[in-house]
Amino acid sequence: MILAFVLAVCTVGTAVRQGDASMVVPPGKMPLVEGPVPVPVPPPPPAGWVPDLGPVGHLEPWQIVLAALTALPLAARRRYPLTAFGAVIVTTLLFNQRLGAGDTTVYTFLSCVVAAYSAAVYSPHRLRALVGVLTGAGLIAAFAEENFPYVTPGVVPFLLLVGVGLGANATHVWKQRVHALEVRQEAATRLALDRERARIARELHDIVTHNVSVMVIQAGAARKVMDAAPDRAREALLAVEAGGRTAMAELRQVMGLLTPAGEEPETGTGTGAGTGAEDDAELAPQPGLAQVPALVGRVRATGVPVELTVTGTPVPLPAGVGLAAYRVVQEALTNTVKHAAGATVRVVLEHTPDALHVVVTDTGGAASPSARTGTGRGLTGLRERVTLHGGTLSAGDRPTGGYRVDAVLPTGEPS
């Protein structure tokens, strides 16, 4: 802003002092005449004659306005660099063509240099800025006689200092831009890490909460019938073992995401080769809709009545959608085991042409001791997971008693 005002004042002041541009012959543009130049001797003035200096600064108002406009657009050179550059070039060409070359070309040329520098440094449109600067330089060069100032040896150091200052400022601006870009990249990286941590936390919550809750129920049932019905106790302990293996397999898959590239995650808890069941667990795919019947069977083995109903024609689902559907059923069954002991559960998987409808309802019951350890984050993380795939999740008490979890998942990838 200050630079624009100073250049405008200097340009207008010089133009006013210059007066009528048609009477000004700039240095270096005198016609060359070979040989000695005759010096005319004026006749002596009459007695009582007073010299008439003529009008000083005789300019039309529009010429003064045009002189000011050769520099005033620089006030917007950082916010609108290309527009300011174009305005300076156009007004400079018009002003110098109308007023003729003279002392004002020093300031108009400096305004053009500052405008070109601002367009090159501050414009986000790199190609447009390059084309604009080259075009402006070509126009100034095409009319160099009117627009290029006469440079004396004393002005050369000043021009060199100006060039060094502009170069240093350009370097500083570029460093600031690089630093700002690095800051934005670091912020984006931190955001991505936070989201990945949240996703892994949801996975661990789903895995640990469900499997451990089922294992606790099964172990308690085995303890109660160990003396009276050893066969039932044995079945419950086998179910505990199967649940533990499933939990370990899913935990290995999640931990594999955290293992650096080129390293193998630890898959065993002791020395020696693993069993065939452990190897199969390690190679198990990510849970999906196909694993829902097995999940229901494990919960049913704990003594919880669970009914599974599948309607419609199943279609191939993206892996993320299948995993989300599995987690909905898993979280709903876990909450039933913890908060509604003795309830009857109904799981419905309804396939439609464009969505998968998952509904899990229970008839209500008494809360188990493990319900006090809940954090309430299960349904929150589940809702985020479903929303990530373009679906919706609702959960709440039923009017007739019990609880209902309802999720709708699109069968295609979210747009």
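Numbering starts at 1 and runs along the sequence shown.
Remark: of the listed residues Thr11, Leu69, Thr70, Thr70 is the sole one forming a side chain to side chain contact (heavy atoms under 4.5 Å, CB included) with Thr92.
Between the side chain of Arg126 and the backbone N or O of Ser123 there is at least one donor-acceptor pair closer than 3.5 Å. The backbone N or O of Ser394 lies less than 3.5 Å from no partner atom in the side chain of Arg404, so there is not a single donor-acceptor pair. Judged by distance alone, the side chain of Gln291 and the main-chain N or O of Gly288 form a donor-acceptor pair under 3.5 Å.
Counting all heavy atoms, side chain and backbone alike, Gly136 lies closest to Phe85 at CA-CZ, 4.0 Å. Closest heavy-atom contact between Pro73 and Ala84: O-CB, 3.3 Å. Considering every non-hydrogen atom in both Val240 and Ala219, the closest pair reads CG2-N, 3.7 Å. Between Arg398 and Thr361, the shortest heavy-atom distance links the atoms NH1-CB, 4.0 Å. The minimum heavy-atom distance between Ala233 and Val225, with the atom names listed, is N-CG2, 3.8 Å. For Ala71 against Ala8, the heavy-atom pair with the smallest separation is CB-N, 3.4 Å.
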Review item, side-chain donor-acceptor pairs of residues 299-310, under 3.5 Å, at least two apart:
residue : atom : partner : partner atom : Å
Arg300  : NE   : Val306  : O            : 3.1
Arg300  : NH2  : Val306  : O            : 2.7
Thr302  : OG1  : Val299  : O            : 2.5

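Expressed to the nearest 0.5 Å, how far SG of Cys112 lies from OH of Tyr107 amounts to 15.0 Å. Atom CH2 of residue Trp62 and atom CG of residue Leu94 lie 9.0 Å apart, to the nearest 0.5 angstrom. Here the straight-line distance linking atom OG1 of Thr91 with atom CG of Asn96 works out to 9.5 Å at 0.5 Å rounding. Distance check, rounded to the nearest 0.5 Å: CD of Glu350 to CG of Leu356 gives 9.0 Å. In this structure, the separation between CG on Leu139 and CG on Leu134 is 11.0 Å, given to the nearest 0.5 Å. For the atom pair CG (Leu74) and CD1 (Ile2), the distance works out to 13.5 Å, reported to the nearest 0.5 Å.
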| query | Thr387 and Leu393: side chain to side chain contact (heavy atoms under 4.5 Å, CB included), yes or no, with the steps? | reply | CA-CA 8 Å; Thr387 303; Leu393 175 73; over 6 Å; no
| request: Please test Leu181 against Arg184 for side chain to side chain contact (heavy atoms under 4.5 Å, CB included), starting from the C-alpha separation and ending with a verdict. | output: CA-CA 5 Å; Leu181 180 60; Arg184 288 196 297 270; 3.7 Å; yes
| said: Determine whether Thr363 and Thr400 satisfy the following criterion, side chain to side chain contact (heavy atoms under 4.5 Å, CB included), listing intermediate values before the conclusion. | reply: CA-CA 8 Å; Thr363 57; Thr400 57; over 6 Å; no
| task | Please test Leu323 against Arg385 for side chain to side chain contact (heavy atoms under 4.5 Å, CB included), starting from the C-alpha separation and ending with a verdict. | result | CA-CA 10 Å; Leu323 176 60; Arg385 182 193 295 274; 3.9 Å; yes
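For the pair Asp354 and Pro410, the minimum side-chain heavy-atom distance is 4.5 Å or more. With a 4.5 Å cut-off on side-chain heavy atoms, Thr108 and Phe95 count as touching. No side-chain heavy atom of Thr352 sits under 4.5 Å from any side-chain heavy atom of His357. Looking at heavy atoms from C-beta onward, His389 lies out of side-chain contact with Leu317 at the 4.5 angstrom threshold. Side chains of Asp406 and Val358 form no contact here, defined as non-hydrogen atoms less than 4.5 Å apart. A 4.5 Å side-chain heavy-atom check between Glu331 and Val405 finds every atom pair outside the cut-off. Between Val408 and Val386, the closest side-chain pair of non-hydrogen atoms is not below 4.5 Å. At a threshold of 4.5 Å between non-hydrogen side-chain atoms, the residues Asp397 and Tyr403 count as touching.
Residues that satisfy the side chain to side chain donor-acceptor pair (under 3.5 Å) test with Thr334, not counting sequence neighbours, are His210.
The environment of CZ in Arg234 is sparse: at most 12 heavy-atom neighbours from other residues, nucleotides or ligands sit within 6.0 Å.
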